[in-house]
Amino acid sequence: ENEVYFDPVAEEGQPVKPGDVLVRARPFVFAIQPQFKNRVCENCLTYKDEWKGIELCNKCDAVGYCSEKCRLQHLDQHRVECELSILRGRKSLPHRAWFVIRAILKVQTEGYGERERINSKKSRAFEDLMDHYEDI
């Protein structure tokens, strides 16, 4: 799941030209906006415009999946989110709150140091992010 899933990217030290892909990776966290929850798969991020292309979770109605395979792959991550949604009476959370909850859950489960490869020489982790507290 933390593997790079794209065509080759520009490597460090190599010349780049306009249009070259520098980095492409799965986002650390994301939250699909509510108006797209029945159009975008929570697991593979596939967009489906056809009727019933995305099936919402039958317990919480908060997220949707394009296939049973995607639902099962995402189940461990979704389990806590689903319970939170059910506790709220299946009322949707504000988009930004959903995003923050996911960031907290990911850091709790994977830690700050979980690394994701972005090219053949580099990887990234949440701990690499810098705060700008001193700039304020």
Side-chain angles (χ1 to χ4, degrees):
E1 197 166 291
N2 284 339
E3 67 190 40
V4 179
Y5 64 102
F6 52 86
D7 294 330
V9 297
E11 294 290 339
E12 183 178 353
Q14 297 297 314
V16 295
K17 58 186 180 303
D20 282 353
V21 175
L22 302 180
V23 174
R24 187 181 298 161
R26 192 165 176 85
F28 181 74
V29 293
F30 61 88
I32 295 169
Q33 293 181 353
Q35 67 268 30
F36 294 106
K37 73 178 184 179
N38 61 352
R39 297 276 187 248
V40 179
C41 177
E42 281 287 333
N43 186 58
C44 69
L45 303 178
T46 297
Y47 179 85
K48 299 249 183 170
D49 203 19
E50 68 266 9
W51 174 253
K52 294 285 188 182
I54 300 292
E55 291 286 332
L56 296 179
C57 172
N58 62 3
K59 292 181 181 175
C60 71
D61 285 331
V63 299
Y65 302 100
C66 66
S67 67
E68 182 67 7
K69 178 183 174 188
C70 276
R71 187 188 71 78
L72 292 173
Q73 286 176 345
H74 195 249
L75 189 58
D76 286 342
Q77 180 181 342
H78 179 59
R79 193 169 278 127
V80 173
E81 297 172 351
C82 192
E83 290 173 15
L84 287 172
S85 184
I86 291 168
L87 285 172
R88 288 184 43 85
R90 295 172 71 153
K91 295 177 188 160
S92 63
L93 287 164
H95 181 251
R96 289 183 181 102
W98 198 252
F99 185 86
V100 170
I101 289 168
R102 285 187 168 180
I104 291 167
L105 291 172
K106 182 151 185 171
V107 168
Q108 282 182 337
T109 58
E110 296 181 11
Y112 290 98
E114 182 72 21
R115 304 213 67 80
E116 177 184 39
R117 181 135 313 276
I118 57 175
N119 64 30
S120 67
K121 297 177 185 172
K122 294 280 188 178
S123 61
R124 69 177 184 177
F126 188 80
E127 68 184 357
D128 296 333
L129 297 174
M130 300 169 33
D131 72 44
H132 295 279
Y133 184 76
E134 307 231 348
D135 298 336
I136 298 176

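The structure displayed is predicted, hence computed values, not measured ones. Side chains included, hydrogens not; waters and symmetry mates left out as well; all remaining heavy atoms used.
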What are the two closest non-hydrogen atoms of [X] and [Y], and how far apart are they?
X     : Y      : answer
Lys37 : Ile32  : N-CG2, 4.1 Å
Cys66 : Lys48  : CB-CE, 3.9 Å
Phe28 : Val107 : CZ-CG2, 3.9 Å
Cys44 : Thr46  : SG-OG1, 2.8 Å
Asn43 : Cys70  : ND2-SG, 3.4 Å

Measuring from atom CZ of Phe126 to atom NZ of Lys106, what distance do you get when rounded to the nearest 0.5 angstrom?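 So the gap between those two atoms works out to 10.5 Å.
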Any chance you could measure Lys69, atom NZ, to Cys41, atom SG, to the nearest 0.5 Å?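 Spacing of NZ (Lys69) from SG (Cys41) equals 11.0 Å.
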Please determine whether residues [X] and [Y] belong to a single hydrophobic cluster, defined as Ile, Leu, Val, Met, Phe, Trp and Tyr linked transitively by side-chain heavy-atom distances below 4.5 Å.
X      : Y     : result
Val100 : Val29 : no
Ile54  : Trp98 : no
Ile104 : Phe30 : no

I'd like to know if the side chain of His95 reaches the main chain of Ala31, judged simply by a donor and an acceptor atom lying under 3.5 Å from each other, with no hydrogens or angles considered.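 Pair found, side chain donor or acceptor close to backbone of Ala31.
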Please identify each residue that fulfils ring-ring contact (aromatic ring centres under 6.0 Å, His included) with Phe36, with sequence neighbours left out.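 Listed in chain order: nothing, the list is empty.
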Give the table of side-chain donor-acceptor pairs shorter than 3.5 Å for residues 80-87, with sequence neighbours excluded, one pair per line with atom names and distance.
{"from": "Glu81", "atom 1": "OE1", "to": "His78", "atom 2": "ND1", "distance (Å)": "3.4"}
{"from": "Glu81", "atom 1": "OE1", "to": "Arg102", "atom 2": "NH2", "distance (Å)": "3.2"}
{"from": "Glu81", "atom 1": "OE2", "to": "Arg102", "atom 2": "NE", "distance (Å)": "2.7"}

Take Gln33 and Arg39, measure what side chain to side chain contact (heavy atoms under 4.5 Å, CB included) needs, and give me the verdict at the end. CA-CA 10 Å; Gln33 293 181 353; Arg39 297 276 187 248; over 6 Å; no
For side chain to side chain contact (heavy atoms under 4.5 Å, CB included), just list the numbers for Leu56 and Asn38, CA-CA rounded to whole Å, side-chain angles, deciding distance to a tenth of an Å, and then say yes or no. CA-CA 7 Å; Leu56 296 179; Asn38 61 352; 4.3 Å; yes
Could you give all pairs that pass the salt bridge (charged side-chain N to carboxylate O under 4.0 Å, His left out) test and reach residues 54-65, with sequence neighbours left out?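 Listed once each, the pairs are Asp61-Arg90.
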